[in-house]
Amino acid sequence: MKVKFESFMLERNFILLMMGVFINALGSGVYAIAGMLLVLSLSGSVLYSGFALFAITSAGVLSFLIAPLANYFKYKNGLVYSNLLKALILFTIPLLHYTVGLHVWYVIGLLFITALFTQFTYPIESTILPIIVGKDNVIAANSFLQTIREAMDIAFLAGAGILITFTGTIPAIIITATCLILVTIAYSFFNFLQPDVKRDPSTSVGSAVRTYFIDLKAGFTYIGNSLIPKMIVSIVFINLAMVIMTTNLPAFSLMKGSGIEASYGFYLAAMSIGIMIGTILASKLKQIDFGKLIIFSFFGTGVMWIGTALLPLVFSMILFSIGAISIGIINILVFSSIQRQVEVTFIGRVITLITSAAALGMPIGALIGGMLGEMFATEIPILICGVSMMLFSLSWLSSSALRKLPSIDHVKLFQESNVQA
């Protein structure tokens with residue numbers, strides 16, 4: 001296994017993908033903080049933070065409609081032009097700021113548009129990974145890239161918070177746009193053999209639309225014969241609770257940090273540390289029954305995040321990080337299980353449909369979080385999220401089917417007929 005791992009790491013296209021992941025992590029770290037702080041600064045209201053997160057998460061819900069469009073483009077072109085367009089869009093923020101002025105609704109609109117582009121490129125990156133490294137190496141490659149992403153998030157989110165404290169949000173967004181230009185250049189050097197792309201100049205618009213919806217329906221059919229629908233209600237609930245917390249995190253971190261903008265970056269970095277630890281621990285915990293792992297880990301997360309709301313800054317950040325460990329564990333186990341059991345041609349659609357379903361509660365959570373942040377102290381939404389994690393754990397405990405799930409290697413997410421289809 002070690003030989004295979006080293007061989008795909010030296011593959012030219014994989015190196016380019018790693019470069020893109022690295023540069024994107026730098027830009028995304030700055031953007032994640034600058035975008036939300038810019039909205040809070042322009043509006044002076046947590047409610048508008050809720051509107052901003054509503055826009056971003058709504059794009060996630062629509063991803064099941066956007067992702068199949070990738071089948072009609074060359075994957076390389078899709079990645080190159082999408083990142084270039086995102087960069088050009090972001091450059092309009094400093095342009096307007098330094099000329100006619102910037103309005104909060106314009107920023108929120110751009111957050112939505114750039115999030116839509118992300119929904120288009122993410123399944124492409126997931127789909128090209130098996131093409132680049134081979135199906136036998138996809139789990140190791142995915143785990144490696146995921147660890148890199150989380151490690152970069154820790155460094156770049158913390159660094160971004162400090163950077164924004166000294167430079168401000170507008171220069172930070174210029175840095176993000178510049179990073180996207182560099183990603184565009186890196187991805188333009190991709191050279192891999194792509195499977196058949198559903199592009200035919202002679203195909204009519206009506207035929208293309210019909211094919212598009214056939215692809216979409218195939219993805220739904222694939223999901224319908226799986227274990228995923230039984231988990232959807234719980235996933236929607238937990239995501240709704242987490243977005244209530246995330247919406248208020250900028251104002252909460254500023255309150256805990258006595259107005260220092262860097263504190264928001266530190267909280268996001270703390271979460272990334274927890275997720276990365278969970279990602280590293282995932283392979284060591286995969287032998288534990290999946291149902292029990294969910295129940296105990298998320299109950300612990302609830303306790304930690306209640307402490308996050310109540311304790312002073314340093315202890316609050318530590319507990320916030322510990323609480324995020326369960327997210328890293330579950331993410332890598334479920335994602336790896338899906339990659340093992342789904343054919344390459346379905347990976348993008350399956351992951352996107354799961355992501356869209358999981359995101360259903362997020363726009364609602366953003367609006368609720370914004371309203372709660374306006375009506376109550378910023379600690380209250382964090383407390384609500386902590387309690388919700390404990391309720392999530394208890395809901396799994398009360399369900400015999402979920403409570404008795406075996407270790408992830410033995411959980412059959414999809415029917416055998418699905419995997420072979």
side-chain contact (heavy atoms from CB on, under 4.5 Å), that's the test. Do Ser407 and Phe290 meet it? Break it down for me. CA-CA 5 Å; Ser407 62; Phe290 189 61; over 6 Å; no
CA sep, side-chain torsions, deciding dist, call: Ile295, Arg403, side-chain contact (heavy atoms from CB on, under 4.5 Å): CA-CA 8 Å; Ile295 292 167; Arg403 183 176 67 248; 4.0 Å; yes
Would Phe51 and Val39 count as a side-chain contact (heavy atoms from CB on, under 4.5 Å) if you check the C-alpha gap in whole Å, the side-chain angles of each, and the deciding distance to 0.1 Å? CA-CA 9 Å; Phe51 291 147; Val39 169; over 6 Å; no
Can you check side-chain contact (heavy atoms from CB on, under 4.5 Å) on Leu405 and Asp289, steps first, answer last? CA-CA 6 Å; Leu405 284 176; Asp289 287 351; over 6 Å; no
Evaluate the criterion ring-ring contact (aromatic ring centres under 6.0 Å, His included) for residue pair Phe252 and Tyr267; output intermediate values, then yes/no. CA-CA 10 Å; Phe252 174 78; Tyr267 268 100; 5.6 Å; yes
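Taking 4.5 Å as the limit, every side-chain heavy atom of Ile325 sits out of range of all side-chain heavy atoms of Ile275. Counting only heavy atoms from C-beta outward, the side chains of Phe91 and Ile181 approach each other to under 4.5 Å. With a 4.5 Å cut-off on side-chain heavy atoms, Ile368 and Ile364 count as touching. Contact of the Leu38 side chain with the Leu102 side chain is registered, since non-hydrogen atoms from C-beta on lie closer than 4.5 Å. Two residues are said to be in side-chain contact when any heavy atoms from C-beta on lie closer than 4.5 Å; Ile170 and Pro94 meet this criterion. In this structure, Ile327 and Met242 have side chains that are in contact, with non-hydrogen atoms separated by less than 4.5 Å. Contact check for Leu319 versus Val303: no side-chain heavy atoms found under the 4.5 Å cut-off. Put simply, the side chain of Met317 does not reach to within 4.5 Å of the side chain of Lys256, judged on heavy atoms.
A donor-acceptor pair shorter than 3.5 Å cannot be found between the side chains of Thr247 and Ser49. Remark: the Tyr81 side chain and the Thr184 side chain contain no N/O donor-acceptor pair separated by less than 3.5 Å.
Within 6.0 Å of the CE atom in Met19, the count of heavy atoms belonging to other residues, nucleotides or ligands does not exceed 12. Within 6.0 Å of CZ on Phe299 lie no more than 12 heavy atoms contributed by other residues, nucleotides or ligands. Within a 6.0 Å radius of CZ in Phe315, no more than 12 heavy atoms belonging to other residues, nucleotides or ligands are found.
Using a distance-only test at 3.5 Å, with no hydrogens or angles considered, no donor-acceptor pair links the side chain of Ser82 to the main chain of Leu79. In this structure a side-chain-to-backbone donor-acceptor pair under 3.5 Å is present from Ser316 to Thr308. Judged purely by atom type and a 3.5 angstrom limit, Thr92 uses its side chain to pair as donor or acceptor with the backbone of Ile89. A donor-acceptor pair under 3.5 Å is formed between the side chain of Thr176 and the backbone N or O of Ala172. Side-chain atoms of Glu374 do not come within 3.5 Å of backbone N or O of Ser45 as any donor-acceptor pair. Looking only at distances, a side-chain donor or acceptor of Ser398 sits under 3.5 Å from a matching main-chain atom of Ser395.
Listed here is the closest heavy atom pair of Gly20 and Val183: O-CG2, 3.9 Å. Here the shortest heavy-atom pairing between Ala177 and Ala87 reads O-CB, 3.5 Å. Counting all heavy atoms, side chain and backbone alike, Gly373 lies closest to Pro381 at N-CG, 4.5 Å. Taking each heavy atom of Phe237 and Ser388 in turn, the nearest pair found is CE2-O, 3.5 Å. Summarising the geometry of Met390 relative to Ile306, their closest heavy-atom pair is SD-CD1, 3.7 Å, with the distance given to 0.1 Å. Nearest heavy-atom pair, Val243 versus Gly365, reported as atom, atom and distance to 0.1 Å: CG1-C, 3.8 Å.
Note that the CG atom of Leu90 and the CD1 atom of Ile113 stand 10.0 Å from one another [nearest 0.5 Å]. Annotation: the span from Cys385 atom SG to Leu249 atom CG amounts to 10.0 Å, rounded to 0.5 Å. Note that the CG atom of Leu372 and the CG atom of Leu47 stand 10.5 Å from one another [nearest 0.5 Å]. Here the CE-CG distance, from Met245 to Leu240, works out to 12.0 Å after rounding to the nearest 0.5 Å. Distance CD1/Ile93 to CD1/Ile173: 4.0 Å, rounded to 0.5 Å. Separating the CE atom in Met304 from the CZ atom in Phe298 is a distance of 14.0 Å, to the nearest 0.5 Å.
Ring pair Tyr187/Phe190 is parallel by interplanar angle, where below 30° counts as parallel and above 60° as perpendicular. Between Trp305 and Phe320, the angle of the ring planes lies from 30° to 60°, which puts this pair in the tilted group.
A centroid separation of less than 6.0 Å is found between the aromatic rings of Trp105 and Tyr48.
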